[in-house]
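Here the structure is laid out as C-alpha cells; the discussion comes afterwards.
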Amino acid sequence: DPGERLYRTGDLVTATLTRDTVELRYLGRSDSQIKLRGNRIEPAEIDAALTAHPAVAQSATRPRTTPAGDTVLVSYVVADTTSDPKTASDPKRLRAFAAEFLPRQVMPAAIVVLDRLPLTPSGKLDDRALPTPDFTDTARYRAPTTPAEQAVAEIFADILGVSSPVGADDDYFDLGGNSLSAVRVIAALRKRLDATVTLPAILTDPTPAGIAAALTRTDGAATELEVLLPIRPRGTRTPVFFVHPIVGLSWCYGGFARYLGDDRPLYGLQTPNVRTEETPAQSLSELASRYVTEIRNIAPDGAYHLIGWSLGGVIAHEMAVQIRASGRHVASLTMLDAFATQPIRDVAAEHLQAADLLAGLGYAGPLDLVHGSLQSSTLEDLLAEVEGLLPTLSPEHIRRLVAAASHNSRLLREHTPGVFDGSAILFSAARDGHGSAAADSWTGHVHAVTDHPVESTHWQICAPDALAVIGPILADRLRRSEIVSPAIEPEAD
C-alpha cells in the first residue's frame, strides 16, 4: 500500500490476483545469487575477489556438480596478458589470494584458467560451453606443512578416530568433531605444544591450518569458563548471543559457527560463579539483567540476536523483554526446545544425569557412556569414568556447575515470563513426543511464534544431525530479520 516499506528480495515471480488471494509463482532469481549448504552466495563477490589479483582480467563463478554428486563453486578466470602468466595459470596461488578476502564457505572448490570466457551470440556468458573441471586435481587434501599444522592434524585423527590422513584444510566438524571433543583437542595441544589454545580458536577456523595460525596470535587468555564466551568475536554483522542451557556452559553452541557465516560475531553467555565467587541471582529476571549488561558491553545500542536452549530459551526471552522495555531493538529471538512454563523434565541437581551434563556441554556421542546422578558424593567417580572428556573442568568446577543448575532450576520454577512484543522462532524436539506443547506454552508471552519440529530429543538438539536442519533455517532467519527496518518486527515465518 502507498507509504508502506518495501524491500527488494531478488526473487523473480509472477502474481495471479483473485478477489481474496494473491498466488505467487516462483520463476527464479533476478540476479545470480545462489544457495549452497544453507548459505546465500553472490558469485559476483567471489569474482570481485579474484579479479582484484593483478594477474586476473576476468572471472565467472558458477555452481557445478562433482562426480560424487556434491554441488560446489567453480571459478573460471582469464589471465591478464600484461601480468605474469605463471601466476594467473596457478590455481593454488589464486585460491590462496582469494582466501584473504573470502569466507571459507564461499571459497571456490576449483579454479579453471581459460584463454577467454565463452559467450552466446547475444554476448552473455555461455554456461553450457564452460568446461567441466578435473576435480581430481583439486582434491581437498593438502598435507600439513608446519610442525604446528602436523600436530593439530595428528591430534584430530587421534581424538576423532580418523584412519585416513587429516589434511591442513580439513574441517574439524566435517570429521565428526563436536564442542566437547574440542576441549580434548585443546588439552592435547596445550600439552604437546606447550601453547595457550582457546576454545574460540577451535570454533572460529576449525582446520589444522587455521588453528596453527591462531597459536601465533592468541592473547593467552583462557575463556572457556568466563561469563562471556567469545565463540567467534570477529565480524561486521549484527552479533548473535547464545544463552546457556541448564548445565551452565555454552560450549554446545560451537557447531552453529559453520552455518551462520564467517562475518557474524558469536558469543555465548555462561553461568557466573564457575571460576570466581559471585552472589547467585535471586530471580531469573535478575540473571537475565546480568546477561543484558554483558551483551551491552559488546553492542551498546543493539540490535540483538538472542538464542537459547531449554532454560537458556526462557532467559533469552526475558532478556528480549528487558531490552524492548529499554527502547532497544531485538532483531530476532530463537528458542531451542524451551517451555515458558515448568519444563516437563525435572532438572534439579539430584536428578541431573551425567549423560545430561555431557549433552549440555556439546557431547554428541552415546548418552549411555556414563551412569549415575551428579550428587556431590559421586563427582569423583564420575570424573574417573569420563577421564579425558572433561580435561579443563576440575571437580570444583563440576560442583559449582551442578549447584548453579539446581539453583537455576528453582528460579525457573518461580519465574513468570513477561510479554515480548516481537516474534520468535522455536525449534522443538520432535522425538520427545510433546507435539506442540513447547510452542503452545509461549501463547500470550510473544506476539507470534513459529515452530520448527526437529527429529531430535531434547538433549540432542545441538548435535550435528539436528544442527544440519536448524543451522540453514536460522541463518536465513537472521539474514531476513536484518533486511527489515528495526522499527518493524520481522514476521514469524
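Owing to the predicted nature of the structure, the values given are computational and were not obtained by experimental measurement.
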Intermediate values then yes/no, side chain to side chain contact (heavy atoms under 4.5 Å, CB included), Arg324 and Asp421: CA-CA 8 Å; Arg324 291 293 291 135; Asp421 60 358; 2.9 Å; yes

Worked verdict on Ile315 versus Leu306 for side chain to side chain contact (heavy atoms under 4.5 Å, CB included): CA-CA 10 Å; Ile315 298 175; Leu306 304 175; over 6 Å; no

Ala257 backbone acceptor or donor facing Arg232 side chain under 3.5 Å: yes

Side chains of Asp47 and Thr61, donor plus acceptor under 3.5 Å: yes

Donor-acceptor contact below 3.5 Å, side chain Asp337 vs main chain His458: no

is_close_aromatic(Phe156, Tyr172), centroid dist under 6.0 Å: yes

Value rounded to 0.5 Å, distance of OG1 in Thr238 from NE2 in His329: 8.0 Å

Passing option when Phe242 is tested against Phe256, Tyr267, Trp251 for ring-ring contact (aromatic ring centres under 6.0 Å, His included): Phe256

Donor-acceptor under 3.5 Å (Tyr76 side chain, Pro131 main chain): yes

Salt bridge (Lys or Arg N to Asp or Glu O under 4.0 Å) against Arg264, all qualifying residues, sequence neighbours excluded: Glu482

Any donor-acceptor N/O pair, Gln270 side chain to Glu226 backbone, under 3.5 Å: yes

Glu149 side-chain N/O to Thr145 backbone N/O, donor-acceptor pair under 3.5 Å: yes

Evaluation steps, side chain to side chain contact (heavy atoms under 4.5 Å, CB included), between Ser75 and Ile46: CA-CA 8 Å; Ser75 294; Ile46 303 172; 3.7 Å; yes

Ionic contact status for Asp263 with Arg237, cut-off 4.0 Å: no

Exercise: do His305 and Ser332 side chains pair donor with acceptor under 3.5 Å: yes

Arg290 side chain vs Glu294 backbone, donor-acceptor pair below 3.5 Å: no

Donor + acceptor pair across side chains of Asp126, Thr120 (<3.5 Å): no

Backbone N/O of Ile473 and side chain of Asp476: donor-acceptor pair under 3.5 Å: no

Pairs where residues 297-309 contributes a residue and the test salt bridge (charged side-chain N to carboxylate O under 4.0 Å, His left out) is met, not counting sequence neighbours: none

Short side-chain to backbone donor-acceptor contact, Tyr253 and Trp309, under 3.5 Å: yes

Thr271 side chain vs Gly248 backbone, donor-acceptor pair below 3.5 Å: no

Residues which pass salt bridge (Lys or Arg N to Asp or Glu O under 4.0 Å) with Asp158, listed by chain and number, not counting sequence neighbours: none

Aromatic ring proximity Tyr291/His244, centre distance under 6.0 Å: yes

